[in-house]
Amino acid sequence: MAETVNLTINGQAIQAEKGALLIEVARQNGIEIPAFCYYEGLTLQAACRMCLVEVEKTPKLQVGCTLPVADGMVVHTESDTVRSARKGTLEFLLTNHPLDCPVCDKGGECELQDMVFRYGAGESRFTERKVHVDEQQWSPVVYFDAPRCILCYRCVRVCNEGMGVGALGVSNRGVISEIVPNRHDYLECDECGACIDICPVGALTSGSYRYQTRPWEMTHVGTICTHCGDGCRTTLGVRDDKIMRGNNRDHSGINGEFLCVKGRYAFDFVEHPERLQSPMLRVGDTFEPISWAKAFETIAETFTAVKARGGKFGIIGSNHTTNEENFFLQKFARQGLGTKNIDHHRTGDLGTFFDALSGKVDALATAGDLYTTKAVLVVGADLAQQHPFLSYQARANFRHHAAHIYAVTAGPVREDHQAVASVRVAAGGELGGVESLRDKLKAEGDLVIVFGDGIQGEGVRKLVAFGDSLGIPVKYVCLVDYSNSRGAFDMGLIPRDGGMSVQQMLGAKDLDVLWVVGANPLKNATLASPNAFVVVQDLFMTETARTADIVLPAASAYEKNGTVTNVCGEVQKLKQAVKVMGTKTDLEIMGSIAKEMKLNLGIWLPDKVFGEIRKTVQGYDVPLPVVDTGGAAPTMPLNGRVPALPGAIQSAGDTLFTSGSMSRYSKILNAVIESPGGLYRR
Amino acid sequence: MPKKLYNEPSPLETRILSKRFGLDNSESLATYIANDGFKAFRKAREMKPEAIIEEVKTSALRGRGGAGFPTGLKWSFVPRSSPKPKYIVINADESEPGTCKDRLLMEYDPHQMIEGILIAGLALDAHKGYLYIRGEYRYLIDHMDRAIAEAYGQGYLGKNILGTGFDFDLYTHSGAGAYECGEETALLDSLEGKRGIPRMKPPFPAVAGAWASPTLLNNVETFSAIPAIIRDGGAAFAALGTPKNGGTRLLCVSGHVNKPGVYEVPLGYPMLKFIEEIAGGIPGGRKLKAVIPGGSSCPILKADECDIPMDYDSLAKIGSMLGSGGMVVMDETTDMVKVALRIMRFYAHESCGWCIPCREGTTWLRKILQRFDDGGGRHEDVALLGELSKNMLGRTFCALGDAAAMPTISIVDKFAADFEKRLAQQMVAV
Amino acid sequence: MNFSPQLEEKFAKMLTAYPEGRKRSAVVPMLIYAQDEVGAVTPELIDEVARRCEVPPLQVDEVVGYYSMLHRKPMGKYHVQVCTNISCLLVGGMELYEHACKKLGIGHKEVTADGQISLEEVECMGACSWAPAVEINYDFHHHVTPEKLDQLIDGLRKAQ
Ligand SMILES: Cc1cc2nc3c(=O)[nH]c(=O)nc-3n(C[C@H](O)[C@H](O)[C@H](O)COP(=O)(O)O)c2cc1C
Ligand code: SF4
Ligand code: FES
């Protein structure tokens with residue numbers, strides 16, 4: 001146990017851990033010491049001097065953000081001296097800060113504005129000329145307005161320490177000191193926007209949000225990002241049924257303040273002009289809009305007829321629709337249509353993975369574990385590119401807890417910068433590389449092994465056996481791409497008991513029906529069955545949709561409620577932020593078809609379906625309050641043998657700036673890819 | 001060839017550190033050795049490290065870089081045993097306005113400083129030294145490189161120095177124009193290839209300095225005083241000065257005196273006597289108006305405050321500092337508005353920009369003073385200058401903020417009349 | 001980028017002066033010596049120093065902006081620096097600087113049309129007791145009067 005000390009802050013007797021920072025101790029006890037440069041989790045700067053406090057028996061004001069508390073300390077944080085020092089510092093700050101609050105994006109949520117309001121330095125005695133510098137655009141998403149910058153260095157630190165990118169620096173000195181991007185006049189980086197988010201004032205602004213709206217005109221909807229499997233919470237600012245921005249303003253969710261470029265900006269596919277907004281019926285080589293009723297009727301008739309004559313169905317589900325939708329779809333397939341031919345695009349060998357872990361408890365690492373474990377081993381994956389949040393977690397663990405990071409990969413990865421050991425192996429040689437680390441790993445307190453989709457079948461078993469043989473507690477993450485790959489697998493969108501895989505369905509010549517819900521299997525493939533009746537539910541006219549007989553306009557993840565399961569198996573809730581005219585959620589579409597077919601598949605309200613999932617899906621009996629309050633509930637889908645499945649594991653091949661078809665329709669991501677900084681890879 | 005001195009020495013000086021100045025080839029190792037050179041090192045190598053440090057403590061030597069911290073005490077802070085190598089860093093950034101003495105110590109007698117560094121190396125078990133010289137002194141960097149090469153050539157640097165088994169390497173390192181890099185931790189950042197931003201303390205350099213290793217950092221003159229202290233004993237050095245203010249120091253006198261120059265006098269030397277007799281008094285029989293006693297960072301003294309002994313404690317008692325020994329003398333014709341403006345232009349230009357009060361404060365003050373000097377002064381400016389300076393004082397990250405605030409506070413306080421006069425002239429002009 | 005053999009030799013030695021893995025320490029000296037040869041700190045020079053000192057170019061760029069002797073644009077072949085700080089100011093440093101402006105027809109950090117001479121008003125350069133002081137390239141000149149400055153400048157013009 002750490003030693004505790006007794007101190008007094010503003011007359012309040014306080015106990016704290018010896019050596020803790022005064023600013024933190026005060027905060028924990030409800031006493032706010034103002035600060036610009038201090039930021040929890042980032043290195044200390046002591047630069048803004050806002051946190052000066054009076055400590056009895058010391059002549060000078062003391063710096064609260066770097067002062068370790070000591071026994072018997074008597075601190076005053078709101079004395080006249082302290083308040084006037086703050087006012088003086090604010091007055092200095094305002095000498096070069098433009099007073100353009102009415103047009104500044106940050107107006108209303110600006111820390112400087114709040115501070116001036118509190119300490120009343122609103123009236124300045126400054127009558128000299130301010131420095132003016134023109135605003136600069138550093139990337140499609142990052143703008144910099146130098147005069148507004150108060151040089152708190154948060155952006156520099158979050159980029160360097162948090163992201164491990166280091167794309168921002170400080171140039172010049174004195175009053176003309178300026179934050180600068182790494183490529184002189186543009187940024188080459190992850191484009192994550194963390195710098196914008198962390199900026200206490202409006203110096204860094206977002207290319208997509210700037211001059212669009214005021215913070216108080218929006219409602220804020222916390223939901224889960226739809227772009228990769230990491231499951232970051234993103235808070236969507238919505239005005240007039242339009243998403244204005246994404247951020248994580250309350251730092252809730254497993255990702256805290258982290259978001260990558262996709263979570264922060266790539267919501268704009270929602271309003272892409274090519275969004276499907278009406279059901280379409282193929283007429284010759286073209287499509288004609290039809291009513292929902294007509295669409296349901298046609299589909300139900302065909303499905304019923306095919307089912308009645310014992311025809312062959314092929315059903316391909318999605319790795320980004322909700323658990324409820326996936327559950328309902330497999331139920332529809334198995335119970336409603338009587339087929340086992342159901343699959344989805346699998347991006348990691350979850351089947352073998354769960355099988356290899358059978359009998360173990362506590363073997364699945366949560367995203368939180370990557371931040372707390374003593375050691376992290378990354379095998380065959382470029383986390384920074386494909387799992388930006390997991391990469392961030394490992395980095396934060398290294399920074400805050402000096403965790404040992406190991407990387408066994410084919411090429412250089414960002415983790416190399418933190419790694420105690422990086423091993424380069426040819427694809428397929430990962431297990432050899434891992435073996436070479438055995439002695440080092442055995443000496444670790446505990447370990448999380450994160451492995452990519454190159455490790456499949458026997459490889460997964462061997463890796464788990466290796467972990468087990470280390471004699472230390474080991475947890476695992478089997479990496480899967482897309483926002484609900486894990487949920488798709490868990491809900492049973494897999495060809496069990498002799499069902500057909502995606503590849504088999506596409507290759508079969510005798511399919512009568514191909515029903516594709518939120519997937520694009522024909523992107524690089526063709527359908528062998530000439531006479532199949534193809535129904536596609538999607539947001540856009542994808543390659544697959546173009547071959548359909550009926551296309552149904554589906555709602556995106558930002559337009560619905562439900563749950564998704566992230567790469568670590570944590571269930572979180574989606575919350576509808578907007579509604580796009582003419583679309584329906586996949587669940588509603590499926591429910592309506594079922595109704596039209598007079599199938600009794602239960603009520604298709606998300607909450608009801610989730611209730612059924614909790615009862616019937618192994619490991620999903622998660623505590624409701626956790627999920628309902630926006631928490632992440634770990635699932636335990638173990639101890640059930642899933643025999644080897646037919647069909648391939650195929651990497652999504654996505655990068656930091658792409659994610660399947662949705663990112664193709666994000667103007668902002670395309671702009672980033674095309675910008676000179678879009679080449680950034682590591 | 002006797003090297004031409006920048007100024008004639010004065011017979012009133014006590015030449016300890018500067019005793020070889022003006023000798024033939026004074027910068028050569030041969031001249032140094034022929035004039036007591038390396039006697040101290042030979043003595044020190046027979047001493048226990050603690051005894052060396054004890055001798056330095058006894059000498060009451062205080063840092064000559066500006067802060068006047070007791071040198072022996074500083075040496076004792078460097079941990080004796082350290083798993084990391086220890087480093088010695090010599091501060092030859094000499095940038096405090098009014099100061100030009102380290103230049104001479106290196107130019108005329110480089111081996112005296114090298115010997116002092118080697119003795120510190122013995123005392124601390126350090127084996128590498130870095131001489132951080134401001135970039136403007138390029139000729140001195142070249143000069144020191146030659147002196148260092150000479151010392152290596154004759155076994156006074158490098159492996160197994162003089163057969164003692166003691167190794168020491170010394171390197172020069174160029175700055176590139178930044179006053180702030182004279183601040184010891186900013187200097188260390190600069191030495192590490194970064195912007196010269198001061199570091200948070202603790203940890204102090206003695207514990208984690210250059211490359212996070214224990215580091216001793218002293219000024220050129222401080223190291224140059226070490227040979228005399230070890231050679232003749234700390235007590236003898238201490239006896240030259242006043243209690244707690246041991247020895248002699250090089251004072252750089254500039255401004256309105258007949259014989260500006262660098263002169264070595266014992267600590268506690270009377271200021272007025274120094275100005276009158278050593279520096280030759282004020283030209284044209286004009287009256288003394290003010291003195292900046294130790295570089296532009298020190299609060300200014302009015303003429304009637306100048307009747308004092310020049311040592312750290314006496315100056316502290318009247319609210320100023322002995323600083324880096326840069327004494328600037330101003331006669332009655334001096335316009336304090338111009339003085340205050342020029343000083344603030346300096347600090348605003350040299351503020352590293354890290355912390356708000358210094359970065360914004362110096363610039364604001366500069367702007368007010370510039371406007372005032374340009375004839376746009378206002379009555380309330382005088383009070384405002386004082387108040388803003390006080391808003392900086394004691395609130396900045398490093399001492400530069402104080403260095404900018406203190407002279408300004410003292411000028412507006414002691415010479416408000418000069419500001420009033422300007423305002424009156426403005427009225428007439430309108 | 002290649003430098004003269006002498007400079008290459010200097011840099012090779014420089015890089016061994018610092019502890020293992022601390023090549024970054026050479027950034028400031030390398031920049032200033034290289035600037036003297038190249039004429040300015042160009043983007044290529046930044047990349048080159050970054051490569052040699054094993055740091056990202058941004059970290060070299062940050063350094064360039066900080067130090068007042070480093071400049072991104074070429075100064076004249078002869079860089080005339082006039083000190084106007086306090087000691088020099090008291091004995092005519094400001095007048096000397098103004099005289100230099102007039103004489104050269106340029107201002108602070110400007111270069112004559114022929115690119116030969118540039119001027120800079122500088123902070124104290126450690127010549128206070130022999131003020132007013134001027135530094136041309138790396139040569140100090142003490143007790144400089146306007147007449148002496150004229151001679152110095154005329155001398156530079158002849159030397160061209
Ligand atoms: C802004 C600032 C500038 C300084 N400049 C110098 C300098 O140019 N030379 C110097 O020796 N010390 C300078 N110092 C003092 C150093 O920080 C340090 O105290 C000194 O070098 C220690 O050596 P000493 O104990 O031998 O004096 C400066 C301090 C500050 C705050
Ligand atoms: S007081 Fe602040 S801005 Fe000024 S030099 Fe020191 S750290 Fe830099
Ligand atoms: S004031 Fe000019 S050199 Fe010091």
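Every chain is numbered from 1, with letters handed out A, B, ... down the list of sequences. Computed from heavy atoms alone, side chains included, the values below leave out hydrogens, waters and symmetry copies.
- Inter-residue side-chain proximity for Lys194(B) and Gln59(C) is flagged as unmet; no heavy-atom pair is nearer than 4.5 Å.
- With a 4.5 Å cut-off on side-chain heavy atoms, Tyr138(C) and Ile141(B) do not count as touching.
- Residue Val64(C): no heavy atom, backbone or side chain, is found under 4.5 Å from chain B.
- Ser68(C) approaches Ala178(B) most closely through the heavy-atom pair OG-N, 4.5 Å.
- Taking the side chain as every heavy atom from C-beta outward, Tyr87(B) and Pro19(C) approach each other to under 4.5 Å.
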Glu136(B) and Val122(C): CA distance, side-chain angles, deciding distance, side-chain contact (heavy atoms from CB on, under 4.5 Å) verdict: CA-CA 11 Å; Glu136(B) 293 86 344; Val122(C) 294; over 6 Å; no

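- For the ring pair (Phe, Tyr, Trp, His ring centres under 6.0 Å) with Tyr6(B), the lone residue among His142(C), His143(C), His141(C) that qualifies is His142(C).
- Contact detail for Tyr137(B) and Gly126(C): the closest heavy-atom pair is OH-CA, 3.4 Å.
- Side chain to side chain, Ser190(B) and Tyr66(C) fail the donor-acceptor criterion of an N or O pair below 3.5 Å.
- Interface check for chain B: of the options Asp139(C), Asp36(C), Val60(C), the most heavy-atom pairs under 4.5 Å are formed by Asp36(C).
- Closest non-hydrogen pair, Gly255(B) versus Val91(C), comes out as O-CG1, 3.8 Å.
- For a residue to count as touching a neighbouring chain, one of its non-hydrogen atoms must lie under 4.5 Å from one of that chain's; by this rule Glu62(C) touches chain B with backbone and side chain alike.
- In this structure, Tyr171(B) has its ring center no closer than 6.0 Å to that of Tyr18(C).
- With a threshold of 4.5 angstrom between heavy atoms, Met94(C) approaches chain B through side-chain atoms but not through N, CA, C or O.
- Neither the backbone nor the side chain of Ala26(C) has a heavy atom closer than 4.5 Å to any heavy atom of chain B.
- Residues Trp130(C) and Cys100(B) have side chains in contact (heavy-atom distance under 4.5 Å, counting atoms from C-beta outward).
- Ser296(B) approaches Ile86(C) most closely through the heavy-atom pair CB-CG2, 4.5 Å.
- Shortest non-hydrogen contact noted between Leu89(C) and Lys338(B) is CD2-O, 4.2 Å.
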